[in-house]
Amino acid sequence: MSTHQFDVIVVGAGFSGMYLLHLLRGRGLKVRVLERGSDVGGTWYWNRYPGARCDVESMEYSYQFSEELQQDWDWSERYAPQPEILRYAGHVADRFDLRRDIQFETNVSAATYQDDTARWRIETAEGEVYDTKFFIMATGCLSSTNKPQFKGANSFTGPVYHTGSWPHEPVDFTGKRVAVIGTGSSAIQCIPQIAAQAAHLTVFQRTANYAVPARNGALDPELRDAIKANYPEFRAKAKQVRNGLHYPLNDVATMSVSPEERQAEYQFRWDRGGISFAGAFNDLLLSAEANEVAADFVRGKIRETVNDPKVAELLCPKSVIGCKRLCVDIDYFETYNRPNVTLVDISEAPVEEFTPAGVKAHGEVADVDAIVLATGFDAMTGSLLGVDIRGRDGQTLKDKWAAGPCTYLGLSTAGFPNFFMVTGPGSPSVLTNMLPSIEQHVEWISDLLHATLARGAQAVEPEAQAEEAWVEHVNALAGRTLYPTCNSWYLGANVPGKPRVFMPYLGFPTYVAKCDEVARNGYSGFVFS
Ligand code: N01
């Protein structure tokens, strides 16, 4: 078997892998991207469930590294639907001729650092072997599906779908009885669509979730043109905001204004639509009192919307708002007024089992023709640990991260030279607009690779001390907030047995400043050998 030689192997052809390829190839490196899907797009390639769309507004959810590209592309709606985002990914691949260096339908199974040559040996499930100097996992934060092991799972006679690995062929629920398990972002998007098509929909809810209306619609051409006329300024402004988004953050504490002013601010954002609701005041996730006021506003809206008071109460979340990702919905709560929708509360007693006919909870079987698992992802670490990655002296990443992920800047980990992650644990990633975060990471990693080569170094890796300090810093930031108070996937709490560690870094501008400082200081915290 021949071994293919490269300067850089990138795993994943989503937005991270595509930009890495474009940038590193442009810097003269021999790059190959290995991708398990049959085309580009990453998370948007797999999440094809009905109603899938981005909750970041389309004018912000795109690359900015090429002015021609951002001028060239036109979005049709305020929030882009999944097929349009996938078309955009394809457009980028065509425009920069990326596919010639991407190998599709290739599943990376193992990656081993060779101590003697300071190179990585990458193996695929298809039996191919690659030899590379640098190895970059660009596998995304939400790519490894969480499929709970329900008792009797195989006994159900109908199809079982997962929102995160939806079939490529259209799924028609017309006349069918369907069960959806889960009420996170994916469920909140697909439930209204499935309910509109199916004969009956039964939703199994373990934890009620907050959702704010999207107020989606055709993109206003005047707004689009105004943004395009000043795109760099628009992007620069967004980068100064802690989540990298352009929406207005009201830098005022909740309790510093009168109850009337508070209601008016919440109402303004409710009417405006989207996650800017979370920016109504500056202490949503810092003060329990402030949080409760905002939560109560949303609960009031749910009670106003849902006709049956008992159902409305079940749909009212009790936890901290924003602690789990705030969902953005189109007709979600209204859907529970439909006569063909039933909500089953499984907060006290879980799904007992799948039977040949359906889903059993509270001793009763809901007879269905199809089951949709909207049960989320083994987020942030799932895809990284899904590959058998072995660093210096054969240490596995799995062993190193047994008590939780440890990284330096969310991009690298000690003991694994010449290995990088894009949007890894310890980076702001999922708490920001992903596209600008990805571009910042890719450009920063690319500069570091360049610096390593320019020094004639064989390898670069973070110092253990720098990594420890970073992990402490990430935890300290989270510890000052309400984020650790709920069972979110940010904490790994959604996957049984996963270490409970808050994974994302809080604050895009501070993160970027820290990365810039590290680079300016000759990559402080890294060792070149
Ligand atoms: O997954 P989730 P998701 N029995 O983990 C339930 C991004 N995203 O795919 O809350 C019964 O949020 C679980 O219950 P609980 C976005 O970042 C973005 O919806 O753990 N139920 C929960 O209700 C988002 O946050 C967009 O008690 C079980 C649900 O399944 C992230 O992806 C759209 C269960 C999982 O919710 C993940 O969202 C979609 C069990 N054994 C997604 N296990 C947009 O851009 C889990 N659940 C709009």
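Just so we're clear, the structure is a prediction, and the values are computed from it rather than from any experiment. For ligands, and for the atoms within them, numbers begin at 1 and follow the listed sequence. Just so you know, these numbers use all the heavy atoms, side chains as well, and skip hydrogens, waters and symmetry mates.
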Geometric cation-pi criterion, R48 with Y45: 6.0 Å, 45°: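 Yes, cation above the ring, under 6.0 Å and within 45°.
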
Whether over 12 other heavy atoms sit under 6.0 Å from N154 CG: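 It does not: N154 CG has 12 such atoms or fewer within range.
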
Q189 vs Y49, side-chain hydrogen bond (donor to acceptor under 3.5 Å, both in side chains): CA-CA, chis, key distance, verdict: CA-CA 9 Å; Q189 289 189 328; Y49 59 85; 2.6 Å; yes

Sequence-distant partners of C515, disulfide (SG to SG under 2.5 Å), two or more places apart: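 Disulfide (SG to SG under 2.5 Å) check on C515 returns nothing, list empty.
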
Worked verdict on M434 versus F15 for side chain to side chain contact (heavy atoms under 4.5 Å, CB included): CA-CA 9 Å; M434 287 298 275; F15 286 119; over 6 Å; no

Residues lining ligand 1 [heavy-atom distance under 4.0 Å, listed by chain and residue number]: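 Ligand 1 is contacted, at a heavy-atom distance under 4.0 Å, by Y49, R53, C54, D55, L142, P148, F150, I181, G182, T183, G184, S185, S186, Q189, R206, T207, K324, R325, I346, A374, T375, G376, F377, W489.
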
Parallel, tilted or perpendicular: ring planes of Y511 versus H441, cut at 30 and 60 degrees: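 Geometry flag for H441 against Y511: tilted rings.
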
